[in-house]
Amino acid sequence: MITAERKPLEEIIDYVKDFKRILLLGCNECVTVCAAGGRKEVGLLASGLQMALLKSGTSIEIREHTLERQCDPEYVEELVPMIDSADAVLSMACGCGVQQLAMRFKEKPVFPAVNTKFMGGSERQGVWTERCQGCGDCLLGITGGICPIARCAKQLMNGPCGGSCNGKCEIGDDVECAWHLIWERLKALGLQERYLDIMPAKDWRPGGGAGPRKIIREDLAE
Amino acid sequence: MKTESYLERVLAAGHLAVTSECGPPRGATAASILDKAKYLEGIVDAVNITDNQTAMVRMSSFAGSVLLRQQGMHPLLQMVTRDRNRLAMQADILGAYALGIDTMLCLSGDHTRFGDHPMAMNVHDIDSIQLIQMVKTMRDEGKFQGGAEIKGAPKMFIGAAANPFADPFELRVMRLAKKIAAGADFIQTQCIFNVEKFERWMEGVRKMGLHKKCYILAGVTPMKSVGAARYMKNKVPGMDVPTELVERMASVEKEKQPAEGIAICVETMERLKQVEGVAGFHIMAIDWEEKVEEIVKKAGLYPRPQIQ
Ligand code: SF4
Ligand code: SF4
(Lines give C-alpha, C1' and ligand atoms only; values in the text may rest on other atoms or scores of the structure.)
(Ligands and ions follow the chains in the order given, each with its own letter.)
Protein backbone atom coordinates (compact mmCIF):
# COMPACT_ATOMS: atom_id res chain seq x y z
CA MET A 1 0.00 0.00 0.00
CA ILE A 2 0.92 3.67 -0.13
CA THR A 3 2.12 4.90 3.22
CA ALA A 4 1.84 8.40 4.62
CA GLU A 5 2.50 10.38 7.77
CA ARG A 6 0.64 13.42 9.00
CA LYS A 7 2.35 16.76 8.44
CA PRO A 8 3.27 18.84 11.49
CA LEU A 9 0.29 20.86 12.77
CA GLU A 10 2.10 24.18 12.25
CA GLU A 11 2.54 23.53 8.55
CA ILE A 12 -1.15 22.61 8.17
CA ILE A 13 -2.22 25.74 10.09
CA ASP A 14 -0.10 27.83 7.81
CA TYR A 15 -2.01 26.51 4.78
CA VAL A 16 -5.52 27.00 6.17
CA LYS A 17 -5.37 29.89 8.61
CA ASP A 18 -6.66 32.49 6.18
CA PHE A 19 -9.80 30.56 5.25
CA LYS A 20 -13.12 30.60 7.09
CA ARG A 21 -14.66 27.29 6.02
CA ILE A 22 -12.58 24.18 5.46
CA LEU A 23 -13.61 20.82 4.09
CA LEU A 24 -11.35 18.23 5.72
CA LEU A 25 -11.25 14.97 3.79
CA GLY A 26 -10.01 11.54 4.72
CA CYS A 27 -9.70 8.39 2.63
CA ASN A 28 -10.74 4.89 3.64
CA GLU A 29 -7.95 3.08 1.83
CA CYS A 30 -4.16 3.06 2.34
CA VAL A 31 -3.99 6.08 4.65
CA THR A 32 -6.57 4.44 6.91
CA VAL A 33 -4.49 1.27 7.10
CA CYS A 34 -1.33 3.18 7.99
CA ALA A 35 -3.28 5.32 10.46
CA ALA A 36 -2.47 8.62 8.76
CA GLY A 37 -5.65 9.85 7.11
CA GLY A 38 -8.73 7.75 7.85
CA ARG A 39 -11.94 8.81 9.58
CA LYS A 40 -10.28 8.69 13.00
CA GLU A 41 -7.36 10.88 11.99
CA VAL A 42 -9.72 13.33 10.32
CA GLY A 43 -11.53 13.75 13.65
CA LEU A 44 -8.29 14.18 15.57
CA LEU A 45 -6.91 16.74 13.14
CA ALA A 46 -10.18 18.71 13.12
CA SER A 47 -10.18 19.11 16.90
CA GLY A 48 -6.44 19.76 16.98
CA LEU A 49 -6.83 22.52 14.43
CA GLN A 50 -9.82 24.05 16.21
CA MET A 51 -7.95 24.16 19.49
CA ALA A 52 -4.77 25.60 18.08
CA LEU A 53 -6.64 28.26 16.13
CA LEU A 54 -8.83 29.20 19.08
CA LYS A 55 -5.72 29.82 21.14
CA SER A 56 -4.53 32.29 18.55
CA GLY A 57 -7.97 33.95 18.53
CA THR A 58 -9.25 32.68 15.17
CA SER A 59 -12.19 30.46 14.60
CA ILE A 60 -12.67 28.33 11.59
CA GLU A 61 -15.52 26.11 10.44
CA ILE A 62 -14.35 22.60 9.66
CA ARG A 63 -16.55 20.07 7.95
CA GLU A 64 -15.29 16.50 8.14
CA HIS A 65 -15.83 13.83 5.56
CA THR A 66 -14.09 10.61 4.52
CA LEU A 67 -14.31 9.12 1.04
CA GLU A 68 -14.17 5.45 0.16
CA ARG A 69 -11.25 6.22 -2.17
CA GLN A 70 -9.98 9.68 -2.91
CA CYS A 71 -7.97 8.70 -5.98
CA ASP A 72 -11.09 7.60 -7.81
CA PRO A 73 -13.34 10.12 -9.67
CA GLU A 74 -16.43 8.08 -8.89
CA TYR A 75 -16.06 8.71 -5.16
CA VAL A 76 -14.81 12.27 -5.53
CA GLU A 77 -18.12 13.08 -7.24
CA GLU A 78 -19.79 12.58 -3.83
CA LEU A 79 -18.30 15.91 -2.79
CA VAL A 80 -20.25 17.99 -5.27
CA PRO A 81 -23.06 18.91 -2.83
CA MET A 82 -20.60 20.06 -0.13
CA ILE A 83 -17.82 21.69 -2.09
CA ASP A 84 -19.49 25.10 -2.51
CA SER A 85 -19.80 25.64 1.20
CA ALA A 86 -16.01 25.37 1.62
CA ASP A 87 -13.36 28.02 0.91
CA ALA A 88 -10.59 25.43 0.82
CA VAL A 89 -10.09 21.68 0.97
CA LEU A 90 -7.64 19.96 3.27
CA SER A 91 -6.95 16.37 2.25
CA MET A 92 -5.57 13.57 4.39
CA ALA A 93 -5.27 11.20 1.42
CA CYS A 94 -2.02 10.40 -0.35
CA GLY A 95 -0.71 12.68 -3.10
CA CYS A 96 -2.87 10.85 -5.65
CA GLY A 97 -6.04 11.71 -3.72
CA VAL A 98 -5.02 15.34 -3.29
CA GLN A 99 -4.40 15.68 -7.03
CA GLN A 100 -7.67 14.00 -7.91
CA LEU A 101 -9.47 16.69 -5.89
CA ALA A 102 -7.43 19.53 -7.37
CA MET A 103 -8.22 18.27 -10.85
CA ARG A 104 -11.95 17.91 -10.21
CA PHE A 105 -12.47 21.16 -8.26
CA LYS A 106 -10.27 23.55 -10.19
CA GLU A 107 -11.51 26.67 -8.43
CA LYS A 108 -10.82 25.41 -4.90
CA PRO A 109 -7.48 25.54 -3.16
CA VAL A 110 -6.56 22.01 -2.06
CA PHE A 111 -3.89 21.38 0.58
CA PRO A 112 -2.21 18.16 1.67
CA ALA A 113 -2.30 17.31 5.36
CA VAL A 114 -0.01 14.29 5.04
CA ASN A 115 3.39 13.53 3.57
CA THR A 116 3.07 10.61 1.19
CA LYS A 117 5.98 8.26 1.82
CA PHE A 118 6.43 5.01 -0.07
CA MET A 119 4.96 1.73 -1.17
CA GLY A 120 5.39 -0.53 1.76
CA GLY A 121 4.14 -3.36 3.84
CA SER A 122 3.34 -3.63 7.50
CA GLU A 123 6.18 -5.29 9.35
CA ARG A 124 4.38 -5.43 12.68
CA GLN A 125 1.88 -3.31 14.55
CA GLY A 126 2.74 0.33 13.91
CA VAL A 127 5.78 -0.34 11.68
CA TRP A 128 5.75 0.02 7.91
CA THR A 129 8.72 -0.55 5.64
CA GLU A 130 9.46 0.25 2.03
CA ARG A 131 9.14 -2.71 -0.28
CA CYS A 132 8.74 -1.49 -3.85
CA GLN A 133 9.71 1.53 -5.93
CA GLY A 134 7.43 0.69 -8.82
CA CYS A 135 10.29 0.18 -11.26
CA GLY A 136 7.77 -1.14 -13.75
CA ASP A 137 9.71 -4.29 -14.64
CA CYS A 138 9.75 -6.48 -11.57
CA LEU A 139 12.93 -8.35 -10.70
CA LEU A 140 11.54 -10.31 -7.76
CA GLY A 141 11.44 -13.47 -9.84
CA ILE A 142 15.22 -13.57 -10.00
CA THR A 143 16.03 -12.14 -6.60
CA GLY A 144 14.19 -14.63 -4.45
CA GLY A 145 11.24 -12.34 -3.82
CA ILE A 146 13.30 -9.57 -2.19
CA CYS A 147 13.62 -6.25 -3.98
CA PRO A 148 17.14 -4.88 -4.56
CA ILE A 149 15.78 -1.63 -6.00
CA ALA A 150 13.69 -0.62 -3.01
CA ARG A 151 15.64 -2.38 -0.28
CA CYS A 152 19.33 -2.03 -1.15
CA ALA A 153 20.52 1.44 -0.19
CA LYS A 154 22.59 1.56 -3.40
CA GLN A 155 20.07 -0.18 -5.65
CA LEU A 156 22.70 -2.75 -6.52
CA MET A 157 21.48 -5.35 -8.96
CA ASN A 158 24.37 -7.78 -8.83
CA GLY A 159 25.15 -8.51 -5.25
CA PRO A 160 26.19 -6.95 -1.98
CA CYS A 161 28.60 -4.04 -1.78
CA GLY A 162 31.67 -4.19 0.42
CA GLY A 163 29.84 -2.64 3.35
CA SER A 164 27.50 -5.49 4.18
CA CYS A 165 28.21 -6.73 7.71
CA ASN A 166 26.45 -9.42 9.77
CA GLY A 167 23.40 -9.14 7.58
CA LYS A 168 23.14 -5.39 8.11
CA CYS A 169 23.47 -2.64 5.54
CA GLU A 170 26.40 -0.25 5.65
CA ILE A 171 24.03 2.65 6.21
CA GLY A 172 23.06 1.43 9.65
CA ASP A 173 22.34 -1.49 11.94
CA ASP A 174 18.61 -0.91 11.72
CA VAL A 175 18.58 -1.72 8.00
CA GLU A 176 18.88 -5.25 6.74
CA CYS A 177 21.23 -5.81 3.80
CA ALA A 178 18.88 -6.67 0.96
CA TRP A 179 21.55 -8.73 -0.75
CA HIS A 180 22.23 -10.74 2.35
CA LEU A 181 18.52 -11.56 2.47
CA ILE A 182 18.46 -12.36 -1.25
CA TRP A 183 21.44 -14.68 -0.92
CA GLU A 184 20.03 -16.52 2.09
CA ARG A 185 16.76 -16.98 0.29
CA LEU A 186 18.33 -18.18 -2.97
CA LYS A 187 20.31 -20.71 -0.94
CA ALA A 188 17.24 -21.89 0.93
CA LEU A 189 15.49 -22.38 -2.40
CA GLY A 190 18.51 -24.17 -3.90
CA LEU A 191 18.88 -21.42 -6.50
CA GLN A 192 22.42 -20.23 -5.64
CA GLU A 193 23.59 -20.64 -9.21
CA ARG A 194 21.23 -17.85 -10.22
CA TYR A 195 23.49 -15.41 -8.43
CA LEU A 196 26.22 -15.83 -11.03
CA ASP A 197 24.02 -14.47 -13.83
CA ILE A 198 24.86 -10.84 -14.45
CA MET A 199 21.84 -8.61 -14.34
CA PRO A 200 22.37 -6.13 -17.17
CA ALA A 201 21.97 -2.37 -16.79
CA LYS A 202 18.33 -1.65 -16.12
CA ASP A 203 15.99 0.00 -18.55
CA TRP A 204 14.47 2.72 -16.38
CA ARG A 205 11.81 3.75 -18.86
CA PRO A 206 9.12 1.62 -17.24
CA GLY A 207 10.37 2.98 -13.91
CA GLY A 208 9.61 6.59 -14.71
CA GLY A 209 12.66 7.37 -16.82
CA ALA A 210 10.41 8.07 -19.80
CA GLY A 211 8.23 10.57 -18.00
CA PRO A 212 4.91 10.16 -16.17
CA ARG A 213 3.60 6.67 -16.53
CA LYS A 214 0.23 5.51 -17.69
CA ILE A 215 -1.58 2.21 -17.96
CA ILE A 216 -4.27 1.87 -20.57
CA ARG A 217 -6.38 -1.25 -20.55
CA GLU A 218 -8.14 -1.14 -23.89
CA ASP A 219 -10.66 -3.71 -22.73
CA LEU A 220 -11.71 -1.51 -19.81
CA ALA A 221 -11.09 2.00 -21.09
CA GLU A 222 -14.10 3.97 -22.28
CA MET B 1 47.55 -6.96 -24.04
CA LYS B 2 44.21 -5.27 -24.17
CA THR B 3 45.39 -1.69 -23.68
CA GLU B 4 48.44 0.53 -23.52
CA SER B 5 48.00 1.02 -19.80
CA TYR B 6 51.29 1.23 -17.97
CA LEU B 7 49.83 -0.80 -15.13
CA GLU B 8 48.82 -3.54 -17.53
CA ARG B 9 52.33 -3.59 -18.97
CA VAL B 10 53.92 -3.94 -15.54
CA LEU B 11 51.57 -6.77 -14.64
CA ALA B 12 51.87 -8.50 -17.99
CA ALA B 13 55.65 -8.46 -17.64
CA GLY B 14 55.20 -10.49 -14.47
CA HIS B 15 56.27 -7.89 -11.93
CA LEU B 16 54.54 -7.44 -8.59
CA ALA B 17 52.77 -4.17 -9.38
CA VAL B 18 52.42 -1.39 -6.84
CA THR B 19 49.64 1.17 -6.84
CA SER B 20 48.74 3.79 -4.30
CA GLU B 21 46.17 6.49 -3.99
CA CYS B 22 45.86 10.22 -3.82
CA GLY B 23 42.67 11.91 -2.69
CA PRO B 24 41.99 15.16 -4.56
CA PRO B 25 41.65 18.30 -2.44
CA ARG B 26 38.43 19.80 -1.17
CA GLY B 27 39.19 22.90 -3.12
CA ALA B 28 40.25 24.20 -6.48
CA THR B 29 43.99 24.30 -6.00
CA ALA B 30 45.95 22.12 -8.40
CA ALA B 31 49.08 22.32 -6.26
CA SER B 32 47.49 20.45 -3.36
CA ILE B 33 47.03 17.27 -5.37
CA LEU B 34 50.33 17.61 -7.22
CA ASP B 35 52.26 18.08 -3.99
CA LYS B 36 50.83 14.83 -2.63
CA ALA B 37 51.34 13.01 -5.91
CA LYS B 38 55.04 14.01 -5.94
CA TYR B 39 55.61 11.62 -3.04
CA LEU B 40 54.46 8.78 -5.27
CA GLU B 41 56.35 9.62 -8.44
CA GLY B 42 58.68 6.79 -9.40
CA ILE B 43 57.57 4.89 -6.30
CA VAL B 44 54.39 3.27 -7.59
CA ASP B 45 53.20 2.18 -11.04
CA ALA B 46 49.83 3.92 -10.96
CA VAL B 47 48.07 6.33 -8.65
CA ASN B 48 44.35 5.96 -7.86
CA ILE B 49 42.58 9.30 -7.90
CA THR B 50 39.55 8.88 -5.69
CA ASP B 51 36.07 9.98 -6.75
CA ASN B 52 34.28 12.00 -4.07
CA GLN B 53 35.74 9.61 -1.52
CA THR B 54 33.52 8.89 1.52
CA ALA B 55 30.78 10.82 -0.28
CA MET B 56 32.47 14.19 0.33
CA VAL B 57 32.75 16.63 -2.55
CA ARG B 58 36.30 16.96 -3.81
CA MET B 59 38.00 18.01 -7.00
CA SER B 60 36.84 15.49 -9.60
CA SER B 61 38.79 12.32 -10.14
CA PHE B 62 38.85 13.18 -13.85
CA ALA B 63 40.51 16.57 -13.27
CA GLY B 64 42.92 15.12 -10.70
CA SER B 65 43.88 12.36 -13.12
CA VAL B 66 44.55 14.87 -15.89
CA LEU B 67 46.74 16.94 -13.57
CA LEU B 68 48.83 13.89 -12.76
CA ARG B 69 49.00 12.80 -16.38
CA GLN B 70 50.35 16.23 -17.30
CA GLN B 71 53.21 15.53 -14.90
CA GLY B 72 54.00 12.30 -16.76
CA MET B 73 52.57 10.11 -14.02
CA HIS B 74 50.10 7.22 -14.51
CA PRO B 75 46.79 8.05 -12.90
CA LEU B 76 44.09 5.49 -12.25
CA LEU B 77 40.73 7.14 -12.64
CA GLN B 78 38.24 6.04 -10.00
CA MET B 79 34.59 6.23 -10.92
CA VAL B 80 31.61 5.68 -8.61
CA THR B 81 28.08 5.02 -9.83
CA ARG B 82 26.61 7.01 -6.94
CA ASP B 83 26.93 10.49 -8.41
CA ARG B 84 26.30 10.22 -12.13
CA ASN B 85 24.15 8.37 -14.62
CA ARG B 86 25.43 6.31 -17.52
CA LEU B 87 25.50 9.27 -19.92
CA ALA B 88 27.70 11.36 -17.65
CA MET B 89 30.01 8.44 -16.94
CA GLN B 90 30.49 7.53 -20.58
CA ALA B 91 31.15 11.16 -21.43
CA ASP B 92 33.87 11.28 -18.78
CA ILE B 93 35.39 8.02 -20.00
CA LEU B 94 35.69 9.42 -23.52
CA GLY B 95 37.15 12.68 -22.24
CA ALA B 96 39.56 10.98 -19.88
CA TYR B 97 40.86 8.66 -22.56
CA ALA B 98 41.28 11.55 -24.98
CA LEU B 99 43.47 13.20 -22.34
CA GLY B 100 45.72 10.18 -21.92
CA ILE B 101 44.03 8.28 -19.10
CA ASP B 102 43.74 4.60 -19.90
CA THR B 103 43.32 2.90 -16.54
CA MET B 104 40.25 3.06 -14.34
CA LEU B 105 38.51 1.55 -11.35
CA CYS B 106 34.76 0.90 -11.31
CA LEU B 107 33.01 1.31 -7.96
CA SER B 108 29.56 1.84 -6.52
CA GLY B 109 30.86 4.31 -3.91
CA ASP B 110 30.08 4.89 -0.24
CA HIS B 111 26.51 5.84 0.53
CA THR B 112 25.85 9.59 0.73
CA ARG B 113 24.83 9.23 4.33
CA PHE B 114 28.52 9.03 5.28
CA GLY B 115 29.51 12.28 3.67
CA ASP B 116 28.72 15.94 4.09
CA HIS B 117 25.80 15.91 1.65
CA PRO B 118 23.52 13.32 3.26
CA MET B 119 20.59 15.24 1.76
CA ALA B 120 21.71 14.44 -1.79
CA MET B 121 19.94 11.99 -4.09
CA ASN B 122 21.99 8.88 -4.87
CA VAL B 123 21.93 8.19 -8.60
CA HIS B 124 22.75 4.48 -8.98
CA ASP B 125 21.48 4.35 -12.54
CA ILE B 126 23.77 1.33 -12.94
CA ASP B 127 25.79 -0.65 -10.42
CA SER B 128 29.53 -1.30 -10.33
CA ILE B 129 29.30 -4.58 -12.26
CA GLN B 130 27.20 -2.92 -14.94
CA LEU B 131 29.78 -0.11 -15.08
CA ILE B 132 32.53 -2.68 -15.70
CA GLN B 133 30.39 -4.22 -18.42
CA MET B 134 29.79 -0.79 -19.97
CA VAL B 135 33.49 0.12 -20.08
CA LYS B 136 34.34 -3.26 -21.59
CA THR B 137 31.68 -2.86 -24.29
CA MET B 138 33.01 0.61 -25.05
CA ARG B 139 36.54 -0.75 -25.35
CA ASP B 140 36.07 -4.12 -27.05
CA GLU B 141 33.00 -3.51 -29.17
CA GLY B 142 33.36 0.22 -29.66
CA LYS B 143 29.77 0.68 -28.55
CA PHE B 144 28.01 2.94 -26.10
CA GLN B 145 25.85 1.32 -23.47
CA GLY B 146 22.83 2.31 -25.53
CA GLY B 147 24.15 0.38 -28.51
CA ALA B 148 25.36 3.16 -30.83
CA GLU B 149 28.83 3.07 -32.31
CA ILE B 150 31.67 5.06 -30.74
CA LYS B 151 33.96 6.91 -33.08
CA GLY B 152 37.29 6.17 -31.43
CA ALA B 153 36.87 3.61 -28.66
CA PRO B 154 38.45 4.32 -25.25
CA LYS B 155 40.89 1.50 -24.53
CA MET B 156 40.61 1.35 -20.78
CA PHE B 157 42.37 -1.15 -18.54
CA ILE B 158 39.46 -2.01 -16.25
CA GLY B 159 39.76 -2.36 -12.52
CA ALA B 160 37.28 -3.30 -9.82
CA ALA B 161 37.31 -3.58 -6.06
CA ALA B 162 36.77 -6.66 -3.94
CA ASN B 163 36.20 -6.88 -0.22
CA PRO B 164 37.03 -10.34 1.11
CA PHE B 165 35.98 -9.24 4.59
CA ALA B 166 32.40 -8.19 4.00
CA ASP B 167 29.47 -10.52 4.51
CA PRO B 168 28.16 -12.94 3.44
CA PHE B 169 31.67 -14.41 3.16
CA GLU B 170 30.69 -17.34 0.94
CA LEU B 171 29.36 -14.91 -1.65
CA ARG B 172 32.58 -12.91 -1.87
CA VAL B 173 34.37 -15.21 -4.30
CA MET B 174 31.28 -15.46 -6.46
CA ARG B 175 30.99 -11.69 -6.51
CA LEU B 176 34.57 -11.51 -7.76
CA ALA B 177 33.72 -14.10 -10.41
CA LYS B 178 30.88 -11.87 -11.53
CA LYS B 179 33.12 -8.83 -11.76
CA ILE B 180 35.60 -10.78 -13.85
CA ALA B 181 32.84 -12.14 -16.07
CA ALA B 182 31.66 -8.57 -16.54
CA GLY B 183 35.13 -7.58 -17.74
CA ALA B 184 37.39 -6.62 -14.83
CA ASP B 185 41.08 -6.93 -15.80
CA PHE B 186 42.46 -6.23 -12.35
CA ILE B 187 41.22 -6.07 -8.80
CA GLN B 188 42.25 -3.93 -5.85
CA THR B 189 41.12 -5.40 -2.56
CA GLN B 190 39.94 -3.77 0.63
CA CYS B 191 42.74 -3.21 3.20
CA ILE B 192 43.97 -6.54 4.48
CA PHE B 193 44.67 -6.80 8.19
CA ASN B 194 43.22 -10.25 8.74
CA VAL B 195 45.60 -12.26 6.55
CA GLU B 196 44.07 -15.64 7.47
CA LYS B 197 40.68 -14.57 6.24
CA PHE B 198 42.21 -13.17 3.07
CA GLU B 199 44.01 -16.50 2.59
CA ARG B 200 40.70 -18.34 2.85
CA TRP B 201 39.20 -16.02 0.28
CA MET B 202 42.15 -16.57 -2.06
CA GLU B 203 41.70 -20.32 -1.71
CA GLY B 204 38.22 -19.90 -3.09
CA VAL B 205 39.56 -17.59 -5.78
CA ARG B 206 42.13 -20.16 -6.87
CA LYS B 207 39.57 -22.95 -6.78
CA MET B 208 37.58 -21.09 -9.43
CA GLY B 209 40.77 -20.21 -11.32
CA LEU B 210 39.96 -16.52 -11.00
CA HIS B 211 43.55 -15.48 -10.27
CA LYS B 212 44.42 -16.66 -13.78
CA LYS B 213 41.73 -14.51 -15.34
CA CYS B 214 42.60 -11.25 -13.68
CA TYR B 215 45.35 -9.58 -11.66
CA ILE B 216 44.69 -9.28 -7.95
CA LEU B 217 46.38 -6.43 -6.11
CA ALA B 218 46.26 -6.90 -2.35
CA GLY B 219 45.19 -3.76 -0.51
CA VAL B 220 47.21 -2.63 2.52
CA THR B 221 46.99 0.39 4.80
CA PRO B 222 49.55 1.59 7.34
CA MET B 223 47.89 2.52 10.62
CA LYS B 224 49.04 5.88 11.99
CA SER B 225 47.96 5.37 15.57
CA VAL B 226 45.99 3.10 17.86
CA GLY B 227 43.12 5.55 17.46
CA ALA B 228 43.10 5.05 13.71
CA ALA B 229 43.23 1.28 14.22
CA ARG B 230 40.24 1.41 16.57
CA TYR B 231 38.34 3.65 14.20
CA MET B 232 38.87 1.28 11.28
CA LYS B 233 37.94 -1.69 13.43
CA ASN B 234 34.73 -0.20 14.78
CA LYS B 235 33.53 2.47 12.44
CA VAL B 236 34.36 1.57 8.86
CA PRO B 237 31.82 -0.82 7.34
CA GLY B 238 33.39 -3.93 5.85
CA MET B 239 36.81 -3.53 7.54
CA ASP B 240 38.30 -6.37 9.53
CA VAL B 241 41.05 -5.30 11.95
CA PRO B 242 41.96 -8.16 14.32
CA THR B 243 42.08 -7.28 18.01
CA GLU B 244 45.75 -8.40 18.25
CA LEU B 245 46.74 -5.67 15.83
CA VAL B 246 44.92 -3.00 17.81
CA GLU B 247 46.60 -4.31 20.96
CA ARG B 248 49.98 -4.30 19.27
CA MET B 249 49.50 -0.66 18.30
CA ALA B 250 48.37 0.16 21.84
CA SER B 251 51.43 -1.57 23.33
CA VAL B 252 53.89 1.03 22.00
CA GLU B 253 54.19 4.67 23.04
CA LYS B 254 52.30 7.24 21.09
CA GLU B 255 55.35 8.63 19.25
CA LYS B 256 56.35 5.14 18.13
CA GLN B 257 52.92 4.14 16.87
CA PRO B 258 53.39 5.45 13.30
CA ALA B 259 56.56 3.36 12.94
CA GLU B 260 54.76 0.35 14.37
CA GLY B 261 51.93 0.84 11.88
CA ILE B 262 54.40 0.84 9.03
CA ALA B 263 56.16 -2.23 10.41
CA ILE B 264 52.83 -4.08 10.54
CA CYS B 265 52.08 -2.99 6.99
CA VAL B 266 55.43 -4.23 5.68
CA GLU B 267 55.10 -7.56 7.55
CA THR B 268 51.65 -7.99 6.06
CA MET B 269 53.03 -7.41 2.58
CA GLU B 270 55.76 -9.98 3.16
CA ARG B 271 53.13 -12.54 4.14
CA LEU B 272 50.92 -11.62 1.21
CA LYS B 273 53.79 -12.12 -1.22
CA GLN B 274 53.64 -15.81 -0.33
CA VAL B 275 49.99 -16.08 -1.30
CA GLU B 276 49.55 -17.66 -4.70
CA GLY B 277 47.57 -15.39 -6.98
CA VAL B 278 48.63 -12.03 -5.51
CA ALA B 279 49.88 -9.96 -8.44
CA GLY B 280 50.83 -6.84 -6.57
CA PHE B 281 49.88 -4.33 -3.91
CA HIS B 282 47.59 -1.40 -3.53
CA ILE B 283 48.87 0.83 -0.73
CA MET B 284 46.16 3.07 0.70
CA ALA B 285 48.03 5.51 2.89
CA ILE B 286 45.18 7.88 3.50
CA ASP B 287 46.66 11.39 3.93
CA TRP B 288 50.02 9.80 4.55
CA GLU B 289 51.36 9.65 1.01
CA GLU B 290 54.85 10.65 2.17
CA LYS B 291 55.25 7.23 3.82
CA VAL B 292 54.55 5.17 0.72
CA GLU B 293 58.17 5.36 -0.43
CA GLU B 294 59.40 3.95 2.88
CA ILE B 295 56.84 1.14 2.74
CA VAL B 296 57.66 0.22 -0.87
CA LYS B 297 61.38 0.20 -0.09
CA LYS B 298 61.06 -1.79 3.12
CA ALA B 299 58.88 -4.31 1.32
CA GLY B 300 61.66 -4.83 -1.21
CA LEU B 301 59.63 -3.49 -4.10
CA TYR B 302 61.99 -0.69 -5.05
CA PRO B 303 63.28 0.26 -7.58
CA ARG B 304 60.19 -0.08 -9.71
CA PRO B 305 60.63 -1.76 -13.09
CA GLN B 306 61.10 0.62 -16.00
CA ILE B 307 58.88 -0.54 -18.82
CA GLN B 308 58.80 1.05 -22.22
S1 SF4 C 1 11.77 -4.97 -8.70
FE2 SF4 C 1 10.69 -3.08 -9.21
S3 SF4 C 1 8.52 -3.65 -9.30
FE4 SF4 C 1 9.59 -5.34 -8.29
S5 SF4 C 1 9.41 -4.88 -6.10
FE6 SF4 C 1 11.34 -3.95 -6.79
S7 SF4 C 1 10.86 -1.85 -7.37
FE8 SF4 C 1 8.94 -2.99 -7.21
S1 SF4 D 1 25.09 -3.23 2.56
FE2 SF4 D 1 23.67 -4.47 1.35
S3 SF4 D 1 21.75 -3.28 1.31
FE4 SF4 D 1 23.37 -1.91 2.00
S5 SF4 D 1 24.06 -0.89 0.18
FE6 SF4 D 1 25.42 -2.63 0.45
S7 SF4 D 1 24.46 -4.29 -0.69
FE8 SF4 D 1 22.93 -2.69 -0.50
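Here is how names work: the chains are called A, B, and so on, in the same order as the sequence lines, proteins then strands, and each is numbered from 1.
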Please confirm whether the backbone N or O of [Y] pairs with a side-chain atom of [X], one donor and one acceptor, at under 3.5 Å?
X       : Y       : value
K178(B) : G159(A) : no
S164(A) : A166(B) : no
Q190(B) : G162(A) : no
D127(B) : N158(A) : yes

Among G238(B), A161(B), A162(B), S128(B), residue most engaged with chain A (heavy-atom pairs, under 4.5 Å):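 The option with the most such pairs is G238(B).
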Of M239(B), Q133(B), E170(B), the largest count of non-hydrogen pairs under 4.5 angstrom with chain A goes to E170(B)
Please look at [X] and chain A and tell me whether the side chain, the backbone, both or neither of the residue comes under 4.5 angstrom of a heavy atom of that chain.
X       : result
R175(B) : both
R82(B)  : neither
A177(B) : side chain
D167(B) : both
F114(B) : side chain
V123(B) : backbone

Which distance, rounded to the nearest 0.5 Å, do you find between the [atom1] of [X] and the [atom2] of [Y]?
X       : Y       : atom1 : atom2 : value
L156(A) : I126(B) : CG    : CD1   : 11.5 Å
C152(A) : H124(B) : SG    : NE2   : 7.5 Å
Q155(A) : D125(B) : CD    : CG    : 9.5 Å

Counting only heavy atoms from other residues, nucleotides and ligands, does the tally under 6.0 Å from [atom1] of [X] exceed 12?
X       : atom1 : result
N234(B) : CG    : yes
F169(B) : CZ    : yes
Q133(A) : CD    : yes
M119(B) : CE    : yes
K168(A) : NZ    : yes
E107(A) : CD    : yes
E176(A) : CD    : no

Specify the closest pair of heavy atoms between [X] and [Y], including all atoms of both residues, with the distance to one decimal.
X       : Y       : result
H180(A) : P168(B) : ND1-CD, 3.7 Å
K154(A) : G109(B) : NZ-O, 2.9 Å
C161(A) : R172(B) : O-NH2, 2.9 Å

- Query: Using a heavy-atom distance cut-off of less than 4.5 Å, which residues of residues 186-221 of chain A contact chain B?
  - Reply: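 Residues of residues 186-221 of chain A touching chain B at under 4.5 Å: K187(A), Q192(A), Y195(A), L196(A), D197(A), I198(A), M199(A), P200(A), A201(A), K202(A), W204(A).
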Highest number of heavy-atom pairs under 4.5 Å with chain B among G163(A), C165(A), P160(A) belongs to P160(A)
